[in-house]
Amino acid sequence: MRRLRGAGAAETREEPSVSTRDLYTSGQQDLTWQVPATGAARFSWEYGEGRERLLNLYQKGKDKQWDGAKRIAWDLEVDPLDPLGTPDEAMSIYGTRYWDVMSPAERGELRKHYASWQFSQFLHGEQGAMVCAARIVESVPDLDAKFYSATQTMDEARHAEIYGRFLHEKIGMLYPINDNLRSLLGDTLRDSRWDVPYLGMQVLIEGLALAAFGMIRDTTDKPLPKQILAYVMQDEARHVAFGRMALRDYYKQLSDAELREREEFVIEGCYLMRDRLRGVEVLENFGIPLKDAEECSERSEYLQLFRQLLFSRIVPCVKDIGLWGKRLQQAYVDMGVFEMGDSNLDQLMAQDEEIAEKLDAERFAAEEGERVAEVEAAVAAGAATDGD
């Protein structure tokens with residue numbers, strides 16, 4: 001196998017000012033991307049009215065702000081060669097001749113690259129979500145939606161900060177944005193209709209990200225990534241609820257032709273997202289030809305299940321907001337995810353919040369126990385000294 005690109009990246013940051021450019025596996029040249037803005041900025045001079053549900057969500061968004069530098073235990077150690085505790089079966093080349101000739105060290109590098117690729121796409125997606133949320137503040141006509149979107153913009157900034165820090169400090173490697181994710185982001189941001197950033201980001205990208213976050217959160221035995229994913233998902237549950245409320249109300253007013261246009265956008269976006277998740281870039285970095293990498297990814301039973309479960313949040317949300325025409329339903333049948341339209345989205349979101357709250361309670365109880373033990377030890381030491 002040829003030498004890995006990016007394999008020599010530092011495991012930890014010695015200098016906080018290290019350039020992200022130096023951590024990219026592909027020698028990324030252009031670190032900026034300009035997407036031409038379209039559409040109108042809309043102001044509302046109606047300050048006295050608002051939908052109660054959205055205003056309640058806005059209040060919750062304010063109440064639930066948190067500091068990623070303080071809430072997350074960044075002092076936890078992470079093994080860059082096994083950041084997520086990924087099982088062998090999850091490697092798309094597991095059971096192939098490529099896997100069989102790998103040494104333990106090379107398999108560790110493969111895990112590192114896969115984790116870097118996954119979290120890099122999370123990072124790029126969160127920056128996209130931040131830009132889309134800011135675009136919603138600008139373009140949505142209703143003030144209550146502007147209020148909530150402003151809190152979401154801050155949430156997404158925090159998420160990008162956290163994923164970026166994890167990649168820089170704990171893995172020491174980044175992957176460029178996947179072409180399909182970049183394409184969907186571009187389509188979402190270029191569209192002049194104010195509801196499309198909701199649809200592209202809140203429903204498609206956020207819905208798929210939530211499912212991916214949840215699979216890793218529920219399977220990893222590593223405490224730091226579990227914390228990061230649980231706390232990010234607690235925020236994202238509110239974001240998806242916001243998109244559902246706003247779009248459900250608006251799509252009731254649209255004509256059949258306008259609804260079909262949105263459904264076409266959803267179909268194309270879902271195919272892009274499904275094809276995004278093969279991770280062939282990782283295998284190419286290990287000298288595996290593109291055709292073989294694609295075949296390995298398509299044949300992997302683990303990845304087939306993973307891709308299917310990724311639509312567990314999207315399909316019921318699309319159905320809930322009123323986009324459920326025959327062509328869209330057939331697309332979900334073809335993808336093998338149609339039955340997920342009956343999933344209980346509210347229950348999934350409630351579980352996301354409960355898991356984060358439970359994790360906080362366990363952490364704080366453990367820390368309180370340590371403080372009590374320290375106090376008791378100090379008291380006992382003092383008593384022993386007095387006795388002397």
Side-chain angles (χ1 to χ4, degrees), residues 1-11 23-28 78-124 166-167 170-183 208 211-222 225 270-311 334-337:
M1 293 188 179
R2 62 184 172 85
R3 185 178 183 276
L4 304 181
R5 289 180 283 173
E11 301 292 352
L23 301 181
Y24 273 111
T25 57
S26 61
Q28 186 91 345
V78 172
D79 178 3
L81 299 182
D82 192 19
L84 306 176
T86 308
D88 290 349
E89 293 78 9
M91 301 291 102
S92 59
I93 59 170
Y94 176 74
T96 70
R97 60 189 176 88
Y98 293 110
W99 176 265
D100 293 340
V101 300
M102 276 186 163
S103 68
E106 288 175 321
R107 290 175 181 176
E109 282 291 335
L110 182 64
R111 285 187 174 84
K112 175 180 178 178
H113 274 252
Y114 263 121
S116 171
W117 179 80
Q118 284 181 308
F119 275 73
S120 293
Q121 304 318 310
F122 295 165
L123 169 62
H124 303 317
F166 182 76
L167 286 162
K170 303 301 183 178
I171 298 183
M173 178 187 294
L174 277 83
Y175 268 76
I177 186 171
N178 175 273
D179 288 342
N180 290 330
L181 176 58
R182 182 184 180 115
S183 177
L208 185 139
F213 297 168
M215 285 194 69
I216 299 174
R217 177 199 64 190
D218 296 340
T219 57
T220 184
D221 59 355
K222 307 299 182 182
C270 284
Y271 276 116
L272 282 172
M273 291 293 92
R274 185 193 66 169
D275 295 339
R276 160 199 165 192
L277 296 159
R278 295 183 297 176
V280 295
E281 305 99 305
V282 172
L283 300 183
E284 286 186 286
N285 270 346
F286 281 73
I288 298 175
L290 176 59
K291 182 179 178 182
D292 287 358
E294 291 176 340
E295 288 180 358
C296 288
S297 297
E298 287 301 315
R299 292 176 181 174
S300 168
E301 292 182 4
Y302 182 91
L303 287 184
Q304 288 174 7
L305 175 63
F306 183 61
R307 282 196 294 269
Q308 188 177 43
L309 291 177
L310 284 172
F311 287 90
D334 295 341
M335 292 183 199
V337 299

Chi angles and distances behind the side chain to side chain contact (heavy atoms under 4.5 Å, CB included) call for F306, L303: CA-CA 5 Å; F306 183 61; L303 287 184; 4.3 Å; yes
Partner of S92 under side chain to side chain donor-acceptor pair (under 3.5 Å), chosen from Y114, W99, Y98: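 The option that passes is Y114.
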Distance (rounded to the nearest 0.5 Å) between [X] [atom1] and [Y] [atom2]:
X    : Y    : atom1 : atom2 : value
W117 : L174 : CH2   : CG    : 14.0 Å
H113 : E284 : NE2   : CD    : 13.0 Å
M273 : L181 : CE    : CG    : 5.0 Å
Q118 : T86  : CD    : OG1   : 6.5 Å
D79  : K222 : CG    : NZ    : 6.5 Å
L310 : F213 : CG    : CZ    : 11.0 Å

How far apart are the closest heavy atoms of [X] and [Y], and which atoms are they?
X    : Y    : value
N178 : Q121 : N-OE1, 2.8 Å
E109 : L81  : OE2-CD2, 3.8 Å
I171 : A115 : CD1-CB, 4.1 Å
P83  : R111 : CD-O, 4.3 Å
M173 : T25  : CG-CG2, 3.4 Å
H124 : P176 : NE2-C, 3.5 Å

Exam field: side chain S297 to backbone A293, donor-acceptor pair closer than 3.5 Å: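 Yes; judged by distance alone, with no hydrogens or angles, the pair exists.
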Main-chain N/O of L84 paired with T220 side-chain donor or acceptor, under 3.5 Å: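 Yes.
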Side chains of [X] and [Y]: does their closest heavy-atom pair fall under 4.5 Å?
X    : Y    : result
L283 : I93  : yes
D334 : Y271 : yes
Y175 : V282 : yes
L110 : M102 : yes
Y302 : M91  : no
F122 : I216 : yes

Crowding at CD, E298 (>12 non-hydrogen neighbours, <6.0 Å):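 For E298, atom CD is crowded (more than 12 foreign heavy atoms under 6.0 Å).
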Cationic N near anionic O, under 4.0 Å, R97 to D292: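 Looking at D292 together with R97, the answer is yes, because their closest N to O distance falls below 4.0 Å.
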Between S120 and Y24: side-chain donor-acceptor atoms closer than 3.5 Å: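 Their side chains do not contain a donor-acceptor pair, so the 3.5 Å distance test is not met.
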